[in-house]
Engineer: 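Here you go, one structure.
In this text the structure is predicted, and so the values were computed from the model without any measurement.
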Amino acid sequence: MRVRFAPLNVPLRRRLQTAAVLHWIFSFLFLAQCCLAVFVLLALSDWWMGALLYAGWLWLDWDTPTSGGRRSQWVRSWTVWEYFRDYFPITLIKTADLDPKKNYIFGFHPHGVLVAGGFGNFCTEATGFSRLFPGLKSHLLMLPFWFRVPVFRDYIMCGGLVSSSKSSLSYLVSHPEGGNVAVVAVGGAPEALDARPGALTLQILNRKGFIKLALKHGAQLVPVFSFGENDLFDQLNNPTGSPLRTLQERLQSIMGVAMPLFHARGVFQYSFGLIPYRKPIHTVVGKPICVVQSLSPSHQDIDVLHKLYLQRLTELFEEHKHAYGLQEDQHLTFI
């Protein structure tokens, strides 16, 4: 394979954008392991008292990821996220005003490999979430496992990441004064295994838990489609039923996290690596679906609202697909 190296005269601005994305990739893939290793080494060293004190803090702070987290506007406003935004670039598009006195569940689609659009739009202020939706606080839900890792948990909570457990989502959307937005990547880890350029298949037909909680707490549902989310990485061929896919699904069922074997470009060359391609991401936030609270929603109530949600998501996609490079014959597939 011929390697295409990056030119030496790349502008400093673009180098800083690549560095910002490299920081994000490292944080997403390796920072948790590094934090855990440092904590263990600290516990086994002469500085064990520091590890013990942090363990005490961890015990006292154990429920914070399921109780709204601990956002830091300072961290969300770091300049590094502006370079991260401009690398792709990422754009957040608003289609309707949202009442800050209500709580919302944003259904984010598609999951993509690493939810880049979800992170850039809802865990940072780089694309202007607070400006576009004044009075609302966004929280991106993430697997509970990651909030058990020392130090790493505190870092990711600063951006607005919270546990994806049922109690965590319930806490956010039951806030009596409103103003909370819970962003749920509905397809979850399984959908990441299908994330590749051109993919428009969403795993959603059997995912109704967020619908049930929206009814139970009277939270408004908002479909969100992130155009370009699946174009950032290639994956090894893993069709359903293949040995690789079977292994990935087995590991996902055991560990709870997906293991997509993705690749794109490198830092100094464009032929291979884990840095995403420079492809634009346009995240379109749809109009809210009014939800009437039902403390004990029936299966029929859930199915009716789920069907309406799929209809509104399809309409959102069809309305905006031409503006972001998709063809007339390209449509969503629900499984």
Engineer: Ignoring hydrogens and geometry, is there a side-chain-to-backbone donor-acceptor pair from Glu229 to Gly112 under 3.5 Å?
Structural biologist: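 No: the side chain of Glu229 does not pair with the backbone of Gly112.
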Engineer: State, yes or no, whether a side-chain contact exists between Phe119 and Thr124 at a heavy-atom distance under 4.5 Å.
Structural biologist: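 A side-chain contact under 4.5 Å exists here.
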Engineer: In terms of side-chain geometry, is the basic nitrogen of Asp194 or Arg245 positioned less than 4.0 Å from the acidic oxygen of its partner?
Structural biologist: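 Salt bridge flag = yes for Arg245 with Asp194.
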Engineer: Determine, for Arg70 against Asp61, whether the closest basic-nitrogen to carboxylate-oxygen distance falls under 4.0 angstrom.
Structural biologist: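 So Arg70 pairs with Asp61 through a salt bridge.
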Engineer: With a 4.5 Å cut-off on side-chain heavy atoms, are Pro65 and Arg153 touching?
Structural biologist: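 When only atoms from C-beta onward are counted, Pro65 and Arg153 do touch, with a gap below 4.5 Å.
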Engineer: Any sub-3.5 Å donor-acceptor pair from Ser298's side-chain atoms to Asp301's backbone N or O?
Structural biologist: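 Yes, Ser298 side chain to Asp301 backbone: donor-acceptor pair under 3.5 Å.
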Engineer: Heavy-atom distance under 4.5 Å between the side chains of Gln73 and Ser77, does that happen here?
Structural biologist: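 Yes. Closest side-chain heavy atoms under 4.5 Å.
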Engineer: Is it the case that one hydrophobic cluster holds both Leu114 and Phe30, taking links as side-chain heavy atoms less than 4.5 Å apart, direct or via other members?
Structural biologist: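 Leu114 clusters together with Phe30.
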Engineer: Looking at Asp97, I'd like to know if its CG atom is crowded, meaning that more than 12 non-hydrogen atoms belonging to other residues, nucleotides or ligands lie closer than 6.0 Å.
Structural biologist: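 For Asp97, atom CG is not crowded (no more than 12 foreign heavy atoms under 6.0 Å).
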Engineer: I'd like to know whether CZ of Arg148 has more than 12 heavy-atom contacts from other residues, nucleotides or ligands below 6.0 angstrom.
Structural biologist: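 Atom CZ in Arg148 is crowded, with more than 12 foreign heavy atoms closer than 6.0 Å.
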Engineer: Once the angle between the rings of His109 and Tyr309 is folded into 0 to 90°, is it parallel (under 30°), tilted (30 to 60°) or perpendicular (over 60°)?
Structural biologist: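 Ring orientation of His109 relative to Tyr309: tilted.
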Engineer: Taking Arg71 for the side chain and Gly160 for the main chain, is one N or O donor matched with an acceptor at less than 3.5 Å?
Structural biologist: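 No; zero donor-acceptor contacts below 3.5 Å.
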Engineer: Would you say His306's side chain and Ile204's backbone share a donor-acceptor pair under 3.5 angstrom?
Structural biologist: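 Present.
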Engineer: Could you go through Ile93 and His282, starting from their C-alpha distance and side-chain angles, then the distance that decides it, and tell me whether this counts as side chain to side chain contact (heavy atoms under 4.5 Å, CB included)?
Structural biologist: CA-CA 7 Å; Ile93 296 96; His282 297 92; 3.8 Å; yes
Engineer: With a cut-off of 6.0 Å (strictly less than), are more than 12 heavy atoms of other residues, nucleotides or ligands near NZ of Lys94?
Structural biologist: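 Yes, NZ of Lys94 has more than 12 neighbouring heavy atoms, counting only those of other groups under 6.0 Å.
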Engineer: Might you point out which heavy atoms bring Leu221 and Pro223 nearest each other, and give the distance in Å?
Structural biologist: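 Scanning both residues completely, I find the closest heavy atoms to be O-CD, 4.1 Å.
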Engineer: Is the side chain of Asn230 donor-acceptor paired with the backbone N or O of Ala199 at a distance under 3.5 Å, no angle test?
Structural biologist: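 Checking the backbone N and O of Ala199 against the side chain of Asn230, a donor-acceptor pair under 3.5 Å is found.
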Engineer: Between Ser170 and His217, is the side chain to side chain contact (heavy atoms under 4.5 Å, CB included) condition met? List the steps.
Structural biologist: CA-CA 7 Å; Ser170 295; His217 298 287; 3.3 Å; yes
Engineer: Within a strict 4.5 Å, meaning less than it, do heavy atoms of the Pro280 and Thr91 side chains meet?
Structural biologist: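 The answer is no, as the side chains (C-beta and beyond) never meet within the 4.5 Å cut-off.
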Engineer: Under 3.5 Å, is there a donor-acceptor pair between the Glu328 and His322 side chains?
Structural biologist: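 Yes - a donor-acceptor pair under 3.5 Å links their side chains.
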Engineer: Mark yes when over 12 heavy atoms from residues, nucleotides or ligands other than Trp47 sit less than 6.0 Å from its CH2; otherwise mark no.
Structural biologist: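 Result for CH2/Trp47: open.
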Engineer: Hydrophobic cluster membership, with links at side-chain heavy-atom distances under 4.5 Å among I/L/V/M/F/W/Y: are Val183 and Leu161 in one?
Structural biologist: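 In one cluster with Val183: Leu161, yes.
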Engineer: Consider only side-chain heavy atoms of I, L, V, M, F, W and Y, link residues closer than 4.5 Å, and tell whether Leu232 and Val267 are in one cluster.
Structural biologist: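 Yes, Leu232 and Val267 fall within the same hydrophobic cluster.
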Engineer: Around Phe334, counting heavy atoms of other residues, nucleotides and ligands shown, do more than 12 lie under 6.0 Å from its CZ?
Structural biologist: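 Count over threshold, so yes.
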Engineer: With Phe262, which of Phe28, Tyr277, Phe233 fulfils ring pair (Phe, Tyr, Trp, His ring centres under 6.0 Å)?
Structural biologist: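 So, applying the ring pair (Phe, Tyr, Trp, His ring centres under 6.0 Å) to Phe262 and each of Phe28, Tyr277, Phe233, only Phe233 qualifies.
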Engineer: Going by distance alone, is a donor N or O of one side chain under 3.5 Å from an acceptor N or O of the other, for Arg85 and Gln17?
Structural biologist: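 Not at all, the side chains of Arg85 and Gln17 share no donor-acceptor pair under 3.5 Å.
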Engineer: Is it the case that the side chain of Thr66 and the backbone of Ser168 share a donor-acceptor pair, with hydrogens and angles ignored and the cut-off at 3.5 Å?
Structural biologist: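 Absent.
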Engineer: Ignoring hydrogens and geometry, is there a side-chain-to-backbone donor-acceptor pair from Arg4 to Ser271 under 3.5 Å?
Structural biologist: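 Side chain of Arg4 to backbone of Ser271: no pair is present.
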Engineer: How about Trp78 and His23: are their ring centres within less than 6.0 Å of each other?
Structural biologist: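 No, the ring centres sit 6.0 Å or more apart.
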Engineer: Could you state whether Met157 and Trp74 fall into the same hydrophobic cluster, counting links through intermediate Ile, Leu, Val, Met, Phe, Trp or Tyr residues with side-chain heavy atoms under 4.5 angstrom apart?
Structural biologist: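 Met157 clusters together with Trp74.
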Engineer: Are there over 12 heavy-atom neighbours, none belonging to Tyr171, within less than 6.0 Å of that residue's OH?
Structural biologist: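 Incorrect, the count does not exceed 12.
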Engineer: Hey, mind stepping through Leu261 and Gln248 against side chain to side chain contact (heavy atoms under 4.5 Å, CB included) and telling me if it holds?
Structural biologist: CA-CA 9 Å; Leu261 297 181; Gln248 289 175 319; 4.0 Å; yes
Engineer: Relative to Phe227, does Lys321 satisfy both conditions: NZ or CZ under 6.0 angstrom from the six-membered ring centre, and within 45 degrees of the ring's axis?
Structural biologist: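 No - Lys321 does not lie over the ring of Phe227 by the 6.0 Å and 45° rule.
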Engineer: Please check if Val284 and Ile281 belong to a single hydrophobic cluster, counting links between Ile, Leu, Val, Met, Phe, Trp and Tyr side chain heavy atoms closer than 4.5 Å.
Structural biologist: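 Hydrophobic grouping puts Val284 apart from Ile281.
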Engineer: Counting C-beta onward and ignoring hydrogens, is there a side-chain heavy-atom pair between Phe268 and Thr18 closer than 4.5 Å?
Structural biologist: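 They are not in side-chain contact.
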Engineer: Ion pair present between Arg196 and Asp231, side-chain N to carboxylate O less than 4.0 angstrom?
Structural biologist: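 Not counted as a salt bridge, because no side-chain N and carboxylate O are separated by less than 4.0 Å.
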Engineer: Does CZ in Arg14 sit with more than 12 non-hydrogen atoms of other residues, nucleotides or ligands closer than 6.0 Å?
Structural biologist: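 For Arg14, atom CZ is not crowded (no more than 12 foreign heavy atoms under 6.0 Å).
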Engineer: Is a side-chain donor or acceptor of Gln235 paired with a backbone partner of Ala195 at a separation under 3.5 angstrom?
Structural biologist: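 Pair found, side chain donor or acceptor close to backbone of Ala195.
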Engineer: If we ignore hydrogens and angles and just use 3.5 Å, is the side chain of Trp24 paired with the main-chain N or O of Gly120 as donor and acceptor?
Structural biologist: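 Checking the backbone N and O of Gly120 against the side chain of Trp24, no donor-acceptor pair under 3.5 Å is found.
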Engineer: Check the angle between the aromatic planes of Phe129 and Phe133 and answer parallel, tilted or perpendicular using the 30° and 60° thresholds.
Structural biologist: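 Judged by the thresholds at 30° and 60°, the geometry between Phe129 and Phe133 is tilted.
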Engineer: Are the side chain of Glu125 and the backbone N or O of Asn121 linked by a donor-acceptor pair below 3.5 Å?
Structural biologist: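 Between the backbone of Asn121 and the side chain of Glu125 there is no qualifying donor-acceptor contact (under 3.5 Å).
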Engineer: Looking at Lys208 and Asp303, is there a salt bridge between them, counting it only when a charged N and a carboxylate O are closer than 4.0 Å?
Structural biologist: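 Counted as a salt bridge, because a side-chain N and a carboxylate O are separated by less than 4.0 Å.
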Engineer: Can you tell me which residue among Leu172, Leu98, Val173 is in a side-chain contact (heavy atoms from CB on, under 4.5 Å) with Tyr104?
Structural biologist: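 For Tyr104, the side-chain contact (heavy atoms from CB on, under 4.5 Å) check succeeds only for Leu98.
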